[in-house]
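Everything on this sheet refers to the single structure shown next.
Both counts, for ligands and for their atoms, begin at 1 and track the order of listing. On a predicted model such as this, the values are computed, not experimentally measured, just so you know.
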Amino acid sequence: MGATTLDLSRASKAPVIPNLSGMTRDELRQAIIDAGVADAAKARMRASQVWRWIHHYGVTDFALMSDVAKDTRAKLTQAFSIARPEVVERQVSKDGTRKWLIRFAPGIEAETVYIPDVGRAGALCVSSQVGCTLNCSFCHTGTQALVRNLTAAEIVAQVQVARDDLGEWPSPKEDRKLSNIVFMGMGEPLYNLDNVASAIDIIADNEGIAISRRRITVSTSGVVPMIPELGARTATMLAISLHATNDLLRNELVPLNKKYPIEDLMAAIRSYPGLGNARRVTFEYVMLKGVNDSPAEARALVKLLKGVPAKINLIPFNPWPGSQYECSDWATIEKFAAELNRAGYASPIRTPRGRDILAACGQLKSESEKIRASALRAMVSVD
Ligand code: SAH
Ligand code: SF4
């Protein structure tokens, strides 16, 4: 940790050049005025031009903004950055799964995973924090010492890096490889809602990356008071990491449940805006051998979800060194799924992806800790 600590202190003293990629349209316009790049009268038009270059064309160099005057470009270069963070590792699986380890700053790293054939075409699993302050007992991220919120620019950068690699600039209107985004990487998005909401405003903007809010899913472990705000501010799809159907067990698996028990959680979910058959809540349920995987628990799950437009995502547990759980046997998972099928839920188990590159959406693989991610939990199921 010594070197990392040193690096961090050095980084904090360096002057921070704001990255325009993380600014919403309004913020971008204001920043341009504040930096003396354009006066108030011209700022909206300038911001629009710059926005298109960054978010539609994906450029990382102001010099390429050919319809922006040279002196304006020079001013922009002085005041701002549009550079990408460093990709320290890139892996591509035989099945098309791609994984990038991105270094945002010294010691601040997160993994972003692209999973083909999920959602409309392919889903990108993004992180909202490095580490997590919650300590779900089956999750490796929760054991990471270093925690910091990712900025809006750093969240947007994960999409930009994926787009760079997939060759999806300028932003294609049709036949995209990257069609969906899931906030199922590291961190609890609802503990970083300001940055997550800004990033979503940017990603969903029609004159840019243009991934519609209905194709963006935010997963939470159940930060009940923030759920209405998530709906109001982002209008995205909601996913809930449920994992248990009674408070006793959920307290153990997701300790946040002690603060916000299942009944309160379900009430918040029911009032999420816009729910219906075309807009269902995804319930994530990690399959832990002998812990939460009995047919009786499957029936309890069906009962609990009654009246909620829901789909269920069974996630085979992904073991990590020192974890106290095992993944349920395949036959047990199938039996569990069969109970759900009987109640009308579509078969929720998906085949593991990216096994050969050990891609595990949401599990940090830092330089110091290489996590064995055999049973890929990229079981991300989105429409
Ligand atoms: N913090 C948010 C989003 C990130 S975690 C949340 O908890 O919802 C994304 C999903 O992966 C969650 O459902 C989480 O419970 C699950 N998960 C975490 N560790 C896992 C593991 N080792 N195996 C399988 N799923 C895991
Ligand atoms: Fe955090 Fe989600 Fe992991 Fe729980 S499951 S520790 S909330 S990242």
Side-chain angles (χ1 to χ4, degrees), residues 110-113 115 123-150 155 158 181-193 196 216-224 226-227 230 236-244 250-260 265 269 281-289 291-293 311-328 333 348-350 352-353 358-365 369 371-382:
E111 229 169 47
T112 304
V113 182
I115 313 141
L124 190 72
C125 179
V126 300
S127 297
S128 55
Q129 302 181 304
V130 169
C132 185
T133 53
L134 299 167
N135 293 300
C136 301
S137 53
F138 54 88
C139 176
H140 190 254
T141 302
T143 67
Q144 306 276 310
L146 189 65
V147 179
R148 107 145 153 65
N149 280 340
L150 291 176
I155 296 168
Q158 296 173 62
I181 305 236
V182 294
F183 281 81
M184 293 182 184
M186 288 174 87
E188 172 48 58
L190 298 200
Y191 278 172
N192 187 19
L193 187 55
V196 166
I216 301 176
T217 302
V218 177
S219 174
T220 177
S221 57
V223 187
V224 167
M226 301 303 285
I227 290 176
L230 174 74
T236 47
M237 307 297 283
L238 177 67
I240 300 288
S241 295
L242 191 65
H243 310 313
R250 194 161 191 273
N251 286 347
E252 207 180 288
L253 301 179
V254 185
L256 186 67
N257 193 71
K258 292 180 205 150
K259 209 166 168 189
Y260 308 119
L265 178 60
I269 294 166
V281 177
T282 301
F283 287 87
E284 292 151 281
Y285 197 96
V286 63
M287 298 302 291
L288 303 169
K289 191 176 199 162
V291 174
N292 66 353
D293 60 355
K311 39 189 185 179
I312 304 161
N313 211 357
L314 296 183
I315 312 174
F317 171 63
N318 185 24
W320 39 276
S323 60
Q324 52 178 310
Y325 303 105
E326 282 175 71
C327 182
S328 309
I333 300 179
I349 331 168
R350 301 180 63 98
R353 309 299 305 273
L358 312 179
C361 175
Q363 300 250 319
L364 174 80
K365 199 192 72 181
E369 287 166 285
I371 300 155
R372 205 177 64 85
S374 49
L376 168 64
R377 55 164 260 284
M379 301 292 147
V380 186
S381 158
V382 286

At under 4.0 Å between heavy atoms, what of E284 touches ligand 1? The answer is side chain
Quick look: V254 vs ligand 1, heavy-atom contacts under 4.0 Å, and the answer is neither
In ligand 2, the atoms that come under 4.0 Å of a heavy atom of L134 are 6 (S), 7 (S)
One finds that the ligand 2 atoms under 4.0 Å from a non-hydrogen atom of S221 are 7 (S)
Do we see a donor-acceptor contact under 3.5 Å between the side chains of E188 and S128?
-> no
Which ligand 1 atoms does [X] reach within 4.0 Å, using its non-hydrogen atoms?
{"X": "W320", "answer": "22 (N)"}
{"X": "I315", "answer": "24 (C), 25 (N)"}
{"X": "N318", "answer": "21 (C), 22 (N), 23 (N), 24 (C)"}
{"X": "G187", "answer": "1 (N), 2 (C), 3 (C), 4 (C)"}
{"X": "C139", "answer": "18 (C), 19 (N)"}
{"X": "T220", "answer": "6 (C), 8 (O)"}

| said: Between V286 and Y325, is the side chain to side chain contact (heavy atoms under 4.5 Å, CB included) condition met? List the steps. | reply: CA-CA 11 Å; V286 63; Y325 303 105; over 6 Å; no
Decide yes or no on side chain to side chain contact (heavy atoms under 4.5 Å, CB included) for L150 and M186, but give the supporting numbers first. CA-CA 10 Å; L150 291 176; M186 288 174 87; over 6 Å; no
Within 2.8 Å of atom 3 (Fe) of ligand 2, is there any N, O or S atom belonging to C136? no
Run the contact test for [X] against ligand 1 with a 4.0 Å cut-off on heavy atoms, strictly below, and give the result.
{"X": "C132", "value": "no"}
{"X": "Y325", "value": "no"}
{"X": "H243", "value": "yes"}

Between [atom1] on residue [X] and [atom2] on residue [Y], distance to nearest 0.5 Å:
{"X": "F317", "Y": "H243", "atom1": "CZ", "atom2": "NE2", "result": "11.0 Å"}
{"X": "E252", "Y": "N292", "atom1": "CD", "atom2": "CG", "result": "10.5 Å"}
{"X": "I240", "Y": "T220", "atom1": "CD1", "atom2": "OG1", "result": "6.0 Å"}
{"X": "Q158", "Y": "T112", "atom1": "CD", "atom2": "OG1", "result": "3.5 Å"}
{"X": "N257", "Y": "L242", "atom1": "CG", "atom2": "CG", "result": "8.5 Å"}
{"X": "F283", "Y": "N313", "atom1": "CZ", "atom2": "CG", "result": "12.0 Å"}

Walk me through whether F138 and V291 qualify under side chain to side chain contact (heavy atoms under 4.5 Å, CB included). CA-CA 11 Å; F138 54 88; V291 174; over 6 Å; no
Checklist line | Within-4.5 Å side-chain heavy-atom neighbours: I115 and V182 | finding: no
Of G185, S219, S241, the one whose closest heavy atom lies nearest atom 5 (S) of ligand 1 is G185
Nearest heavy atom to atom 8 (S) of ligand 2, choosing from S241, C132, S219, belongs to C132
query: N/O to N/O below 3.5 Å, does that happen between F138 and ligand 1?
result: yes
Note to self: Please check whether V286 reaches ligand 1 - meaning an N/O of the residue sits under 3.5 Å from an N/O of the ligand, judged on distance alone.
What the structure shows: no
